[in-house]
Amino acid sequence: MSKGYIFDYGGTLDTGGCHWGKAIWHAYERQNVPVEEEQFREAYVFTERTLGGNPIIQSDYSFRKTLSVKVHIQLKRLTDLGHLSLNEQETEDLHDRILEDLYSKVEEETARSREVLLALRKEHRLVLVSNFYGNINVVLKEFGLDDIFCGIIESAVVGIRKPDPRIFSMGVELLDTEADDVIVVGDSVDKDIIPAKKAGCETVWIKGEGWTEQQKECPQADNIIYSLQELLS
(Lines give C-alpha, C1' and ligand atoms only; values in the text may rest on other atoms or scores of the structure.)
Protein backbone atom coordinates (compact mmCIF):
# COMPACT_ATOMS: atom_id res chain seq x y z
CA MET A 1 0.00 0.00 0.00
CA SER A 2 1.19 3.54 -0.78
CA LYS A 3 -0.21 6.73 0.67
CA GLY A 4 -3.39 6.64 2.70
CA TYR A 5 -6.32 8.91 1.92
CA ILE A 6 -8.66 10.79 4.23
CA PHE A 7 -11.88 11.97 2.58
CA ASP A 8 -14.39 14.53 3.69
CA TYR A 9 -18.01 13.58 3.00
CA GLY A 10 -20.46 16.47 2.63
CA GLY A 11 -19.56 18.75 -0.25
CA THR A 12 -16.82 16.39 -1.41
CA LEU A 13 -18.34 13.00 -2.18
CA ASP A 14 -21.97 14.05 -2.61
CA THR A 15 -21.85 17.38 -4.49
CA GLY A 16 -18.50 17.27 -6.28
CA GLY A 17 -17.02 20.25 -4.46
CA CYS A 18 -20.10 22.48 -4.49
CA HIS A 19 -20.95 23.93 -1.08
CA TRP A 20 -24.20 22.45 0.19
CA GLY A 21 -25.77 25.84 0.65
CA LYS A 22 -25.20 26.58 -3.02
CA ALA A 23 -26.38 23.11 -4.05
CA ILE A 24 -29.70 23.65 -2.26
CA TRP A 25 -30.05 27.19 -3.61
CA HIS A 26 -29.67 25.93 -7.17
CA ALA A 27 -32.49 23.44 -6.50
CA TYR A 28 -34.61 26.37 -5.30
CA GLU A 29 -33.78 28.16 -8.56
CA ARG A 30 -34.67 25.12 -10.69
CA GLN A 31 -37.97 24.77 -8.85
CA ASN A 32 -38.73 28.49 -9.19
CA VAL A 33 -39.06 29.12 -5.46
CA PRO A 34 -40.12 32.79 -5.17
CA VAL A 35 -37.46 33.95 -2.69
CA GLU A 36 -34.26 35.98 -3.00
CA GLU A 37 -30.89 34.30 -2.50
CA GLU A 38 -30.10 36.41 0.59
CA GLN A 39 -33.40 35.31 2.13
CA PHE A 40 -32.54 31.69 1.41
CA ARG A 41 -29.02 32.09 2.82
CA GLU A 42 -30.41 33.29 6.16
CA ALA A 43 -32.81 30.33 6.26
CA TYR A 44 -29.99 27.93 5.38
CA VAL A 45 -27.73 29.22 8.17
CA PHE A 46 -30.65 29.16 10.61
CA THR A 47 -31.36 25.54 9.69
CA GLU A 48 -27.74 24.40 10.07
CA ARG A 49 -27.48 26.06 13.49
CA THR A 50 -30.78 24.52 14.55
CA LEU A 51 -29.65 21.02 13.55
CA GLY A 52 -26.20 21.52 15.05
CA GLY A 53 -27.58 22.59 18.41
CA ASN A 54 -30.45 20.14 18.75
CA PRO A 55 -30.67 16.32 18.48
CA ILE A 56 -33.18 16.43 15.63
CA ILE A 57 -31.36 14.10 13.21
CA GLN A 58 -31.44 10.59 14.65
CA SER A 59 -28.81 7.89 14.18
CA ASP A 60 -31.14 5.81 11.96
CA TYR A 61 -32.04 8.65 9.58
CA SER A 62 -31.23 8.10 5.93
CA PHE A 63 -29.72 10.90 3.89
CA ARG A 64 -33.06 11.37 2.18
CA LYS A 65 -34.80 11.82 5.52
CA THR A 66 -32.04 14.13 6.76
CA LEU A 67 -32.37 16.27 3.65
CA SER A 68 -36.15 16.29 4.01
CA VAL A 69 -35.84 17.65 7.56
CA LYS A 70 -33.49 20.39 6.36
CA VAL A 71 -35.82 21.52 3.60
CA HIS A 72 -38.80 21.51 5.97
CA ILE A 73 -36.99 23.77 8.45
CA GLN A 74 -35.80 26.09 5.68
CA LEU A 75 -39.29 26.50 4.21
CA LYS A 76 -40.81 27.09 7.63
CA ARG A 77 -38.20 29.75 8.36
CA LEU A 78 -38.87 31.47 5.05
CA THR A 79 -42.62 31.35 5.77
CA ASP A 80 -42.24 32.62 9.34
CA LEU A 81 -40.21 35.59 8.09
CA GLY A 82 -42.84 36.41 5.48
CA HIS A 83 -40.70 35.55 2.46
CA LEU A 84 -43.04 32.74 1.36
CA SER A 85 -46.82 32.96 1.24
CA LEU A 86 -48.04 29.43 0.55
CA ASN A 87 -50.76 27.31 2.12
CA GLU A 88 -49.89 24.04 3.83
CA GLN A 89 -50.44 21.85 0.76
CA GLU A 90 -48.49 24.20 -1.50
CA THR A 91 -45.60 24.22 0.95
CA GLU A 92 -45.60 20.41 1.12
CA ASP A 93 -45.66 20.14 -2.66
CA LEU A 94 -42.75 22.57 -2.90
CA HIS A 95 -40.82 20.60 -0.27
CA ASP A 96 -41.31 17.39 -2.25
CA ARG A 97 -40.14 18.98 -5.50
CA ILE A 98 -36.99 20.42 -3.91
CA LEU A 99 -36.24 17.12 -2.17
CA GLU A 100 -36.60 15.04 -5.34
CA ASP A 101 -34.47 17.51 -7.28
CA LEU A 102 -31.65 17.48 -4.71
CA TYR A 103 -31.71 13.78 -4.00
CA SER A 104 -31.47 12.81 -7.66
CA LYS A 105 -28.42 15.09 -8.06
CA VAL A 106 -26.78 13.55 -4.98
CA GLU A 107 -27.43 10.01 -6.26
CA GLU A 108 -25.70 10.85 -9.53
CA GLU A 109 -22.70 12.54 -7.92
CA THR A 110 -22.25 9.91 -5.23
CA ALA A 111 -22.30 7.15 -7.85
CA ARG A 112 -19.43 8.89 -9.64
CA SER A 113 -17.56 9.28 -6.36
CA ARG A 114 -18.04 5.59 -5.58
CA GLU A 115 -16.28 4.58 -8.79
CA VAL A 116 -13.29 6.78 -7.92
CA LEU A 117 -13.12 5.44 -4.37
CA LEU A 118 -13.28 1.83 -5.54
CA ALA A 119 -10.41 2.48 -7.94
CA LEU A 120 -8.29 4.17 -5.28
CA ARG A 121 -8.99 1.41 -2.78
CA LYS A 122 -7.11 -1.07 -4.93
CA GLU A 123 -3.81 0.57 -3.96
CA HIS A 124 -4.58 2.80 -0.97
CA ARG A 125 -6.29 2.64 2.41
CA LEU A 126 -9.18 5.08 2.75
CA VAL A 127 -10.63 6.75 5.85
CA LEU A 128 -13.63 9.07 6.10
CA VAL A 129 -13.54 12.11 8.41
CA SER A 130 -16.80 14.05 8.54
CA ASN A 131 -18.73 16.62 10.54
CA PHE A 132 -22.02 14.74 10.60
CA TYR A 133 -25.08 14.12 12.76
CA GLY A 134 -24.44 10.59 14.05
CA ASN A 135 -26.02 8.80 11.09
CA ILE A 136 -23.12 8.66 8.64
CA ASN A 137 -23.05 4.84 8.61
CA VAL A 138 -26.68 4.73 7.49
CA VAL A 139 -25.95 7.32 4.79
CA LEU A 140 -22.91 5.42 3.50
CA LYS A 141 -24.95 2.23 3.21
CA GLU A 142 -27.70 4.14 1.42
CA PHE A 143 -25.28 5.09 -1.36
CA GLY A 144 -23.24 1.88 -1.48
CA LEU A 145 -20.20 3.38 0.25
CA ASP A 146 -20.33 1.32 3.43
CA ASP A 147 -17.71 -1.25 2.41
CA ILE A 148 -15.10 1.16 1.04
CA PHE A 149 -13.47 2.82 4.05
CA CYS A 150 -11.23 1.06 6.54
CA GLY A 151 -12.28 3.56 9.20
CA ILE A 152 -14.86 6.29 9.81
CA ILE A 153 -14.52 9.27 12.12
CA GLU A 154 -17.74 11.21 12.64
CA SER A 155 -17.78 14.41 14.68
CA ALA A 156 -21.04 13.60 16.48
CA VAL A 157 -19.54 10.30 17.67
CA VAL A 158 -15.98 11.34 18.62
CA GLY A 159 -16.92 14.73 20.08
CA ILE A 160 -14.43 16.68 17.93
CA ARG A 161 -15.44 18.79 14.96
CA LYS A 162 -13.55 20.26 12.09
CA PRO A 163 -11.69 22.61 11.92
CA ASP A 164 -10.00 21.02 14.94
CA PRO A 165 -6.84 19.39 13.49
CA ARG A 166 -7.13 16.56 16.03
CA ILE A 167 -9.92 14.97 14.02
CA PHE A 168 -7.51 14.53 11.12
CA SER A 169 -4.84 13.18 13.45
CA MET A 170 -7.37 10.55 14.49
CA GLY A 171 -7.74 9.65 10.83
CA VAL A 172 -3.98 9.30 10.49
CA GLU A 173 -3.98 6.91 13.45
CA LEU A 174 -6.63 4.75 11.80
CA LEU A 175 -4.48 4.56 8.68
CA ASP A 176 -1.60 3.38 10.89
CA THR A 177 0.97 5.56 9.17
CA GLU A 178 2.68 8.94 9.47
CA ALA A 179 0.84 12.19 8.71
CA ASP A 180 3.12 13.05 5.80
CA ASP A 181 2.07 9.79 4.14
CA VAL A 182 -1.61 10.82 4.19
CA ILE A 183 -3.51 12.80 1.58
CA VAL A 184 -6.61 14.68 2.77
CA VAL A 185 -9.26 15.45 0.14
CA GLY A 186 -11.92 18.03 0.93
CA ASP A 187 -13.96 20.92 -0.43
CA SER A 188 -13.63 23.36 2.47
CA VAL A 189 -10.53 25.49 2.86
CA ASP A 190 -11.31 26.34 6.49
CA LYS A 191 -12.63 22.96 7.65
CA ASP A 192 -10.55 20.55 5.58
CA ILE A 193 -7.42 21.99 4.01
CA ILE A 194 -6.07 24.32 6.72
CA PRO A 195 -6.58 21.94 9.68
CA ALA A 196 -5.29 18.95 7.68
CA LYS A 197 -2.11 20.88 6.94
CA LYS A 198 -1.79 21.67 10.65
CA ALA A 199 -2.06 17.93 11.31
CA GLY A 200 0.89 17.40 8.95
CA CYS A 201 -0.98 15.87 6.01
CA GLU A 202 -0.73 16.48 2.30
CA THR A 203 -3.86 18.19 0.99
CA VAL A 204 -5.99 18.14 -2.14
CA TRP A 205 -8.65 20.84 -2.48
CA ILE A 206 -11.61 19.89 -4.66
CA LYS A 207 -12.53 23.34 -5.88
CA GLY A 208 -16.17 23.86 -6.68
CA GLU A 209 -18.72 26.58 -6.12
CA GLY A 210 -18.13 28.05 -2.67
CA TRP A 211 -20.58 29.51 -0.19
CA THR A 212 -18.91 32.91 -0.56
CA GLU A 213 -16.84 34.62 -3.23
CA GLN A 214 -13.88 34.67 -0.82
CA GLN A 215 -13.07 30.99 -1.32
CA LYS A 216 -11.35 31.45 -4.67
CA GLU A 217 -7.77 30.70 -3.70
CA CYS A 218 -6.15 28.28 -1.31
CA PRO A 219 -2.36 28.63 -1.02
CA GLN A 220 -2.39 26.02 1.77
CA ALA A 221 -3.48 23.26 -0.63
CA ASP A 222 -0.75 21.08 -2.09
CA ASN A 223 -2.94 20.27 -5.09
CA ILE A 224 -6.18 21.57 -6.57
CA ILE A 225 -8.66 19.45 -8.51
CA TYR A 226 -12.06 20.18 -10.00
CA SER A 227 -13.49 16.67 -9.87
CA LEU A 228 -12.64 13.53 -7.92
CA GLN A 229 -11.86 11.73 -11.17
CA GLU A 230 -8.65 13.78 -11.36
CA LEU A 231 -7.32 11.79 -8.39
CA LEU A 232 -6.99 8.79 -10.69
CA SER A 233 -4.71 10.63 -13.11
Side-chain angles (χ1 to χ4, degrees), residues 8-54 56-57 61-110 112-113 130-133 139 155 161-163 186-194 205-218 220-221 224-228:
D8 167 54
Y9 185 77
T12 298
L13 299 182
D14 53 7
T15 67
C18 180
H19 186 282
W20 255 103
K22 282 291 188 179
I24 298 175
W25 168 244
H26 291 321
Y28 274 56
E29 289 182 306
R30 291 189 294 269
Q31 297 305 320
N32 299 309
V33 183
V35 297
E36 301 296 326
E37 184 173 3
E38 285 305 310
Q39 296 169 343
F40 162 77
R41 290 171 73 91
E42 191 282 336
Y44 174 82
V45 171
F46 172 84
T47 300
E48 294 306 304
R49 289 176 177 170
T50 299
L51 294 176
N54 300 276
I56 297 172
I57 305 300
Y61 278 21
S62 67
F63 186 80
R64 186 184 184 89
K65 188 168 184 177
T66 300
L67 195 54
S68 174
V69 170
K70 288 191 176 195
V71 175
H72 268 304
I73 297 174
Q74 289 167 13
L75 294 179
K76 184 178 187 306
R77 178 67 171 176
L78 289 166
T79 300
D80 290 346
L81 292 177
H83 302 318
L84 272 179
S85 298
L86 303 174
N87 62 39
E88 185 175 341
Q89 186 58 56
E90 289 171 333
T91 302
E92 194 60 32
D93 290 345
L94 178 58
H95 162 274
D96 291 348
R97 295 203 319 270
I98 295 170
L99 178 61
E100 291 301 324
D101 182 315
L102 280 167
Y103 194 77
S104 64
K105 295 289 185 184
V106 169
E107 284 184 310
E108 293 171 4
E109 190 62 46
T110 308
R112 287 190 286 268
S113 296
S130 176
N131 283 353
F132 222 74
Y133 305 103
V139 171
S155 61
R161 290 180 60 84
K162 305 174 189 178
D187 70 298
S188 172
V189 172
D190 295 332
K191 294 181 180 179
D192 296 317
I193 305 305
I194 293 176
W205 180 32
I206 177 168
K207 186 177 181 180
E209 189 176 6
W211 180 236
T212 68
E213 289 298 312
Q214 295 177 347
Q215 191 165 304
K216 287 186 176 180
E217 303 298 333
C218 182
Q220 299 90 343
I224 298 174
I225 59 175
Y226 298 89
S227 72
L228 285 185

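Side-chain contact between Val33 and Leu84 is present, with heavy atoms from C-beta onward closer than 4.5 Å. Between Asp101 and Arg97, the closest side-chain pair of non-hydrogen atoms is not below 4.5 Å. Between Phe46 and Leu78, every side-chain heavy-atom pair lies at or beyond the 4.5 Å cut-off. Taking the side chain as every heavy atom from C-beta outward, Leu75 and Ile98 approach each other to under 4.5 Å. Looking at heavy atoms from C-beta onward, Leu102 lies in side-chain contact with Ile24 at the 4.5 angstrom threshold. Using a 4.5 Å heavy-atom cutoff, the side chains of Trp25 and Val35 are in contact. Using a 4.5 Å cut-off on side-chain heavy atoms (C-beta onward), Arg77 and Gln39 make no contact. Considering only heavy atoms from C-beta on, Leu228 comes within 4.5 Å of Leu13 through its side chain.
Nearest heavy atoms, Gln220 versus Ile194: NE2-CD1, 3.7 Å. Across every non-hydrogen atom of Ile224 and Lys207, the tightest pair is CG2-CB, 3.9 Å. Between Asn131 and Lys162 the shortest heavy-atom distance is OD1-N, 2.9 Å. Of all the heavy atoms in Glu90 and Leu86, the pair that sits closest is OE1-CA, 3.4 Å. Listed here is the closest heavy atom pair of Ala23 and Cys18: N-SG, 3.7 Å.
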- Query: Do Val139 and Tyr133 pass the side-chain contact (heavy atoms from CB on, under 4.5 Å) test, and can you show the C-alpha distance, the side-chain angles, and the key distance before you say yes or no?
  - Reply: CA-CA 11 Å; Val139 171; Tyr133 305 103; over 6 Å; no
Under the side-chain contact (heavy atoms from CB on, under 4.5 Å) rule, what do Trp20 and Lys70 come out as? Steps first, then yes or no, please. CA-CA 11 Å; Trp20 255 103; Lys70 288 191 176 195; 5.8 Å; no
> Glu209 and His26: side-chain hydrogen bond (donor to acceptor under 3.5 Å, both in side chains), yes or no, with the steps?
Replying inline: CA-CA 11 Å; Glu209 189 176 6; His26 291 321; 2.7 Å; yes
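In this structure, His95 contributes its side chain and Ser68 its backbone to a donor-acceptor pair below 3.5 Å. Between the side chain of Trp205 and the main chain of Asp187, a donor-acceptor pair closer than 3.5 Å is present. Of the possible polar contacts, none joining the Asn54 side chain to the Ile56 backbone as a donor-acceptor pair under 3.5 Å is found. When atom types are taken as modelled, the side chain of Asp192 and the backbone of Val189 share no donor-acceptor pair closer than 3.5 angstrom.
Atom CD1 of residue Ile73 and atom CG of residue Asp80 lie 11.5 Å apart, to the nearest 0.5 angstrom. Between atom CD of residue Gln74 and atom OG1 of residue Thr79 there is a gap of 11.5 Å, rounded to the nearest 0.5 Å. Expressed to the nearest 0.5 Å, how far OG1 of Thr12 lies from CG of Asp14 amounts to 7.5 Å. Separation of atoms OG (Ser130) and CZ (Arg161) is listed at 9.0 Å; rounding is to 0.5 Å.
In this structure, Arg41 does not pair ionically with Glu36, as no charged nitrogen and carboxylate oxygen lie closer than 4.0 Å. The pair Lys22-Glu37 meets the salt-bridge criterion, since a charged nitrogen lies less than 4.0 angstrom from a carboxylate oxygen. Lys191 and Asp8 are not joined by a salt bridge, as no carboxylate oxygen comes within less than 4.0 angstrom of a charged side-chain nitrogen.
Between Trp211 and Phe40, the two ring planes are perpendicular [angle over 60°; tilted spans 30° to 60°]. Ring-plane geometry between Phe132 and Phe63 is classed as parallel, the angle between the planes falling under 30 degrees on a 0 to 90 degree scale with a further cut at 60.
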